[in-house]
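In what follows, a single structure is set out as structure tokens and then discussed.
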Amino acid sequence: MRLKNILLVVDDIEKSIVFYKEIFGLQVLKHFDGNVILTEGLVLQERKIWESLIGQKVNCDSSASELYFVENNLEEFQKKLEESSFEIKYIHKLKEYDWGQKAIRIYDLDGHMIEIGETASV
């Protein structure tokens, strides 16, 4: 068995596609009827479809999980966020932890937490 995809529920799928493309460089692999599959295994689905499938309301604004991306140059990525056409909601801007790793945490348009950490040198 293997993990195939991660699905995020979104209110505006077209706006979310632009967000993930502009900020993270993800591309659309498949787009159909309120669902989209992006590169890196991320799937977006419109809230009304998801709620219909599971038969209950969904609350996306939670800090119980996060998407994790890595970036070679976090200082440049921080600038990219500042210059974005989206109003970025930060959990925290670029910071360095006691163990030496640097990271940025933000929310996407629907309140899903995203961490962008520096690429570890091996």
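All of these numbers come straight from a predicted model, not from anything done at the bench.
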Decide yes or no for [X] and [Y]: does some side-chain heavy atom of the first lie under 4.5 Å from some side-chain heavy atom of the second?
X	Y	answer
Phe86	Val18	yes
Tyr107	Tyr90	no
Lys30	Val36	no
Ser16	Asp108	no
Glu40	Phe24	no
Asp110	Leu8	no
Ile23	Phe77	yes
Glu75	Asn73	yes

Donor-acceptor under 3.5 Å (Asn5 side chain, Gly41 main chain)
yes
Polar side-chain atom of Thr119 near backbone of Glu71 as donor-acceptor pair, under 3.5 Å:
yes
Could you please spell out the steps behind the side chain to side chain contact (heavy atoms under 4.5 Å, CB included) verdict for Lys15 and Leu109?
CA-CA 8 Å; Lys15 196 170 181 181; Leu109 305 176; 3.7 Å; yes
Output, in order, the C-alpha distance, side-chain angles, deciding distance and verdict of side chain to side chain contact (heavy atoms under 4.5 Å, CB included) for Ile91 and Ile106.
CA-CA 5 Å; Ile91 298 162; Ile106 64 173; over 6 Å; no
Output the distance between atom [atom1] ([X]) and atom [atom2] ([Y]), rounded to the nearest 0.5 Å.
X	Y	atom1	atom2	value
Ser52	Gln45	OG	CD	9.5 Å
Arg47	Ile13	CZ	CD1	12.5 Å
Lys93	Leu74	NZ	CG	14.0 Å
Asp98	Glu96	CG	CD	9.0 Å
Tyr20	Leu67	OH	CG	5.0 Å

Between Val70 and Ile116, is a side chain to side chain contact (heavy atoms under 4.5 Å, CB included) present by the stated rule, with each step listed?
CA-CA 5 Å; Val70 292; Ile116 306 95; over 6 Å; no
Give the minimum heavy-atom separation between Ile104 and Gln78, together with the two atoms involved.
CD1-OE1, 3.6 Å
Minimum heavy-atom distance between Tyr97 and Ala103, given as atom pair plus value
CE1-CB, 3.8 Å
Is there a donor-acceptor contact under 3.5 Å linking the side chains of Ser85 and Glu22?
yes
Please tell me whether His31 and Glu14 have a donor and an acceptor in their side chains that are separated by less than 3.5 angstrom.
yes
Which other residues end up in the same hydrophobic cluster as Val58, if Ile, Leu, Val, Met, Phe, Trp and Tyr are linked when side-chain heavy atoms come under 4.5 Å apart?
Leu7, Val9, Leu29, Phe32, Ile37, Val43, Ile49, Trp50, Leu53, Ile54
Assess the residue pair Gln27 and Lys21 against the criterion (side chain to side chain contact (heavy atoms under 4.5 Å, CB included)); give the C-alpha distance rounded to whole Å, side-chain angles, the decisive distance to 0.1 Å, and a yes or no.
CA-CA 6 Å; Gln27 301 297 314; Lys21 184 176 184 176; 3.6 Å; yes
Salt-bridge present (Glu51, Lys48; N to O < 4.0 Å):
no
Any carboxylate oxygen within less than 4.0 angstrom of a Lys/Arg side-chain nitrogen, looking at Lys102 and Glu118?
no
Within 6.0 Å of CG in Asp33, more than 12 heavy atoms from elsewhere
no
Verdict with supporting geometry, Lys79 and Glu82, salt bridge (charged side-chain N to carboxylate O under 4.0 Å, His left out)
CA-CA 5 Å; Lys79 287 181 193 173; Glu82 300 296 332; over 6 Å; no
Shared hydrophobic cluster, Ile6 / Met1 (ILVMFWY, side-chain heavy atoms < 4.5 Å):
no
When Leu44 is tested against each of Leu26, Asp12, Leu38, Asn35 for side chain to side chain contact (heavy atoms under 4.5 Å, CB included), which residue passes?
Leu38
